[in-house]
Protein chains: 2
Amino acid sequence: MVQVMCAQRTKLRRAEILAAASEVFRAKGFHAAGMRDIAARLDVAVGKLYYWFPSKEALLAFCQEDCLTRLLAMIAVAEEEHVTAVDALRALIRGHLRCLNAEVPGSLAHLETESLSSTDRPRILRQRRRYEEAVTAVIARGVRKGELQVKDARVAACVLLGALNWTVKWWRPDGRLGLDALAEAMADQLVDGLCVRGPARKRRRK
Amino acid sequence: MVQVMCAQRTKLRRAEILAAASEVFRAKGFHAAGMRDIAARLDVAVGKLYYWFPSKEALLAFCQEDCLTRLLAMIAVAEEEHVTAVDALRALIRGHLRCLNAEVPGSLAHLETESLSSTDRPRILRQRRRYEEAVTAVIARGVRKGELQVKDARVAACVLLGALNWTVKWWRPDGRLGLDALAEAMADQLVDGLCVRGPARKRRRK
DNA sequence: GTAGGATCTGAACCATGGTTCAAGTGATGT
DNA sequence: ACATCACTTGAACCATGGTTCAGATCCTAC
């Protein structure tokens with residue numbers, strides 16, 4: 001009874017801290033961000049951070065894990081809800097952008113994994129790999145079904161994820177382009193391509 | 001006479017240091033990389049670095065400027081040598097990948113500009129903007145000529161550059177995929193798109 | 001050979017920033 | 001009221017790492 005309330009409160013405190021940490025990490029990068037910056041954003045003392053988390057690195061690890069968990073959940077739903085690979089891909093693009101750019105806590109995601117050296121690094125990398133393989137699988141399915149054309153689904157996934165991840169470097173919520181509009185534009189560009197292809201026009205090169 | 005030799009030697013020394021710095025920056029990130037790491041890679045004392053460059057940040061600035069200069073030269077050539085926007089775009093993709101991943105000194109390019117706070121930051125950002133606008137211009141030209149289809153050429157350029165820049169995070173020279181093969185795969189994917197479009201098939205959505 | 005400049009060394013300096021901890025605050029149960 | 005415990009504070013500690021500098025070394029000119 002009392003424990004339940006405490007558990008909720010605990011989760012809340014930790015979530016608040018994670019959200020602030022995530023924002024600061026994202027704005028300045030992991031190394032440039034200081035614990036004092038994070039504390040200042042919450043208007044609390046540094047010591048508080050260490051009451052709820054063991055270290056700065058743990059803060060990053062929690063951020064990343066949180067984001068990866070949401071990405072994995074998102075892609076599972078995308079696969080389930082759409083029959084064609086093309087539709088699943090478009091849903092994936094929208095979902096990925098939301099995870100990184102809208103749902104704040106942990107938004108810097110699997111970027112900066114180099115900064116992790118502790119015990120939880122392998123676990124995070126494993127999760128990231130699982131996600132990458134899920135994306136690869138969607139593309140591979142599209143190729144099998146004749147919906148998509150790529151030489152190497154794994155490389156195609158890296159390229160796609162690169163374009164999506166890079167948005168954290170340039171997209172800003174207060175810009176003229178909303179997140180959903182961006183998602184649609186990116187889906188058009190990445191799925192359909194930039195090039196106008198006339199009827200019956202063949203692919204360039206072999 | 002003597003001055004000429006000195007000038008050459010000076011350039012050589014600085015280039016050696018820049019190359020080492022670039023590799024370390026790239027491997028560990030700007031903040032995580034230490035001056036002692038860079039010195040160790042060259043097997044010299046830290047003091048040497050400060051004889052040739054005023055600070056660590058200057059090292060980063062020189063790296064970035066060097067890379068941006070090469071990118072700007074590259075895109076000028078690409079524009080000149082190819083009549084169609086599609087061909088220019090494919091050349092640009094290949095050239096960008098080479099600048100970032102092959103021609104070592106300065107390869108981390110315009111990434112990590114947040115880390116610059118000194119006097120040369122605005123200059124670097126201006127150059128980067130010039131490059132981005134050159135890329136945007138190629139795309140816009142393609143749209144005007146009816147070769148390409150995008151709503152917003154600027155956004156399309158960001159997406160394209162994002163996919164290209166992200167390669168520094170995952171592509172490795174010793175992998176099974178060579179740089180030129182990667183360039184071709186990326187050009188196919190980004191220019192032509194992932195989706196197979198049958199003859200006369202319309203774009204999804206409006 | 002020797003003076004003088006250019007170049008290099010590495011130990012020491014010092015600010016930054018992650019981390020710790022002893023002490024304070026406030027709520028809860030008795 | 002009082003004891004207890006969860007929670008918070010912020011000053012202090014200390015390792016890291018950018019930077020400096022006094023001296024060593026090397027090279028060129030005379």
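Throughout, protein chains are lettered first and strands after them, A, B, ... in sequence-line order, and every chain is numbered starting at 1. What's counted below: heavy atoms across the whole structure, side chains too, no hydrogens, waters or symmetry copies.
- No more than 12 heavy atoms of other residues, nucleotides or ligands shown are found within 6.0 angstrom of CZ on A/R130.
- You'll find the side chain of A/V191 reaches within 4.5 Å of the side chain of A/I93, heavy atoms only.
- Rounded to whole Å, the distance from NZ on A/K48 to P on D/dT8 is 4 Å.
- Rounded to whole Å, atom C1' of D/dC7 lies 13 Å from atom CD of A/E16.
- Between B/K11 atom NZ and C/dA6 atom C1' the separation is 20 Å, expressed in whole Å.
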**Prompt:** Taking protein heavy atoms under 4.0 Å as touching, what does nucleotides 12-27 of chain D look like 5' to 3' if B marks base contact, S marks sugar-phosphate-only contact and - marks none?
**Reply:** B----BBBB-------

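- Ion pairing of B/R154 with B/E133 is present here, as a side-chain N (NZ or NE/NH1/NH2) and a carboxylate O approach within less than 4.0 Å.
- At the phosphate of D/dC7, neither OP1 nor OP2 sits under 4.0 Å from any side-chain N or O atom of A/W52.
- Atom CG of B/L42 and atom P of C/dC8 are 11 Å apart (whole Å).
- Aromatic pair A/F25/A/H31: centroids not less than 6.0 angstrom apart.
- Classified by interplanar angle (parallel below 30°, tilted 30° to 60°, perpendicular above 60°), the ring pair A/W166/B/W166 is perpendicular.
- A donor-acceptor pair shorter than 3.5 Å cannot be found between the side chains of B/N101 and B/R172.
- Contact between the side-chain N/O atoms of B/Y51 and the OP1/OP2 oxygens of C/dT7 is found at a separation under 4.0 Å.
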